[in-house]
Amino acid sequence: MNDPMRIAFTACPLCESTAFTHETTGDCSRHVLYKRELSPLIKWNRCTSCGHVFTEGYFTPEASALIFRETKIDQRAGHDIERQRHVGAEMVENVLPFVKGGTWLDVGFGSGALLFAAQEYGFTPVGTDLRADNVAALKKFGIEAHACDLEGLTLDRPCHVISLADVLEHMPFPKTGLKAAHRLLADDGVVLISMPNSETALWRVFNESGTNPYWGELEHFHNFGRSRLYDLLREMGFEPLKYGVSKRYRACMEVIARKAR
């Protein structure tokens, strides 16, 4: 690996196998957060042991600081608040059969739409985001917010719902994030996870037409399929309860899983 802005994965970040092969290379030079200091190419590997697909490496602290210096407009607290209210409400309603109330933690809350909706339905909303300016913006709405990653978060009460809405694929080591979520959840609490699903027919169409947007997604380190995500959740102490199609982004899935042990 010759990209000085990335730290190489020496093993699969899920199963730790050192047996992996090159899958494909994507172009991220048109990404809205791309900077000339970064390589325009993203190299992707496939683990030959568990089948997981991940980037050749994850960003150095310097590269991360460069990227997080800006916030995409659709990730700013309060953006498109009227239309996003309906998107957030649908996600909350998917959770209600399993959890009726309590503390709802949204990791990487972005526009805050999911937390606004959770609050409307009677949950106590809490958010985390790595962009300090966005945390300050959410606090202006009267919502508790923390400028830290999930692993570094401590709260004075357990969470009943933790949403990782298009977040897990951004974490270099997703198992670390799920371990933290498990720690923060109340017994029988649930996680709500959304992300692109590489096992869909639509994903195959994207690949065959050369239009797959996720090979060039600058902030992603992983591409999951439903089956690999389910295996990971069970390994980390969660039991999947419900699968659905997410309306947040293209080819996305939405999974609800309960803390099982």
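- Looking at R46, its side chain does come within 3.5 Å of a backbone N or O of G51 through a donor-acceptor pair.
- A side-chain donor from one of S17 and S49 sits under 3.5 Å from a side-chain acceptor of the other.
- Remark: R76 pairs with no residue by the salt bridge (charged side-chain N to carboxylate O under 4.0 Å, His left out) rule, at least two apart or across chains.
- The 12-atom threshold is not exceeded at NZ of K247, counting heavy atoms of other residues, nucleotides or ligands nearer than 6.0 Å.
- Checked by atom type and distance alone, the side chain of S163 never pairs as donor or acceptor with a backbone atom of A165 at under 3.5 Å.
- In this structure, N212 contributes its side chain and N207 its backbone to no donor-acceptor pair below 3.5 Å.
- Under the 4.5 Å side-chain criterion, counting only non-hydrogen atoms from C-beta, V92 is not in contact with E120.
- A search for salt bridge (charged side-chain N to carboxylate O under 4.0 Å, His left out) contacts involving R248 returns D166, not counting sequence neighbours.
- Checked for salt-bridge contact, R228 and E199 miss the test: no charged N lies under 4.0 Å from a carboxylate O.
- Closest non-hydrogen pair, F59 versus L218, comes out as CE1-O, 3.3 Å.
- With rounding to the nearest 0.5 Å, the separation of CD in E56 from CH2 in W44 is 12.0 Å.
- Of the possible donor and acceptor atoms, none in the side chain of S29 sits under 3.5 Å from a partner among the backbone N and O of P40.
- In this structure, H222 contributes its side chain and M171 its backbone to a donor-acceptor pair below 3.5 Å.
- The closest side-chain heavy-atom distance from R234 to E239 is below 4.5 Å.
- Under the 4.5 Å side-chain heavy-atom criterion for ILVMFWY residues, a single connected hydrophobic cluster contains both I81 and M91.
- M236 is not listed as a side-chain neighbour of V191, based on a closest heavy-atom distance of 4.5 Å or more.
- To the nearest 0.5 Å, atom NE2 of residue H160 and atom NZ of residue K259 are 10.5 Å apart.
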Criterion side-chain contact (heavy atoms from CB on, under 4.5 Å) on L178 and L164, from CA distance to verdict: CA-CA 9 Å; L178 287 173; L164 299 160; 4.1 Å; yes
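- Surrounding NZ of K175 are more than 12 heavy atoms belonging to other residues, nucleotides or ligands, all under 6.0 Å away.
- Closest approach of L38 to A63, counting heavy atoms only: CD2-CB, 4.0 Å.
- Summarising the geometry of I162 relative to A181, their closest heavy-atom pair is CD1-O, 3.4 Å, with the distance given to 0.1 Å.
- Here F221 and F173 keep their ring centres 6.0 angstrom or further from each other.
- S111 OG to D106 CG: the interatomic distance, rounded to the nearest 0.5 Å, is 8.5 Å.
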Does F54 form a ring-ring contact (aromatic ring centres under 6.0 Å, His included) with F20? I'd like the steps, not just the answer. CA-CA 10 Å; F54 55 97; F20 47 85; 5.4 Å; yes
Candidate pair T124 and R157, rule side-chain contact (heavy atoms from CB on, under 4.5 Å), full reasoning: CA-CA 11 Å; T124 301; R157 74 280 193 191; 4.0 Å; yes
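- Contact of the V161 side chain with the F98 side chain is not registered, since no non-hydrogen atoms from C-beta on lie closer than 4.5 Å.
- Scanning both residues, L233 and P240, for their nearest heavy atoms gives CD1-CG, 4.3 Å.
- If you take CZ on R204 and OG on S198, they are separated by 10.0 Å, rounding to the nearest 0.5 Å.
- When side chains are defined from C-beta on, N223 does not count as touching E169, because their heavy atoms never get closer than 4.5 Å.
- The line from NE2 of H146 to CG of L105 is 8.0 Å long, rounded to the nearest 0.5 Å.
- The minimum heavy-atom distance linking D129 with V135 is given by the pair O-CG2, 3.7 Å.
- Residues E219 and R131 come closest through the heavy atom pair OE2-NH2, 3.4 Å.
- Following chains of ILVMFWY side-chain contacts shorter than 4.5 Å, one can reach I42 starting from W215, so the two form part of one hydrophobic cluster.
- Cluster membership for V167 and L185, using ILVMFWY side-chain heavy atoms within less than 4.5 angstrom, is shared.
- With contacts defined as side-chain heavy-atom distances shorter than 4.5 Å, the pair L229/L168 qualifies.
- When hydrophobic clusters are built by joining Ile, Leu, Val, Met, Phe, Trp and Tyr residues whose side-chain heavy atoms come closer than 4.5 Å, directly or via intermediates, V190 is grouped together with L192.
- Using a 4.5 Å heavy-atom cutoff, the side chains of R6 and T55 are in contact.
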For Y121 and V95, what are the C-alpha separation, side-chain angles and deciding distance, and is it a side-chain contact (heavy atoms from CB on, under 4.5 Å)? CA-CA 11 Å; Y121 281 80; V95 169; over 6 Å; no
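- Enclosure of atom CD in E151 by more than 12 non-hydrogen atoms of other residues, nucleotides or ligands within 6.0 angstrom is indicated.
- Comment: R69 does not engage E37 in a salt bridge, judged by the lack of any side-chain N to carboxylate O separation of less than 4.0 angstrom.
- Atom CZ in F123 sits 11.5 Å away from atom CG in L115 (nearest 0.5 Å).
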Apply side-chain contact (heavy atoms from CB on, under 4.5 Å) to residues W104 and V99 and explain how you reach the verdict. CA-CA 10 Å; W104 185 308; V99 179; over 6 Å; no
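- For the pair R226 and Y243, the cation sits on the ring face: its NZ or CZ lies under 6.0 Å from the ring centre, inside 45° of the axis.
- Within 6.0 Å of CZ in R183 there are more than 12 heavy atoms belonging to other residues, nucleotides or ligands.
- Note on L150 and L130: separate hydrophobic clusters, where clusters join Ile, Leu, Val, Met, Phe, Trp and Tyr whose side-chain heavy atoms are under 4.5 Å apart, directly or indirectly.
- Side-chain contact between R85 and F116: absent, with no pair of heavy atoms (C-beta onward) separated by less than 4.5 Å.
- Ring centroid separation for the pair W203 and Y214 comes in under the 6.0 Å cut-off.
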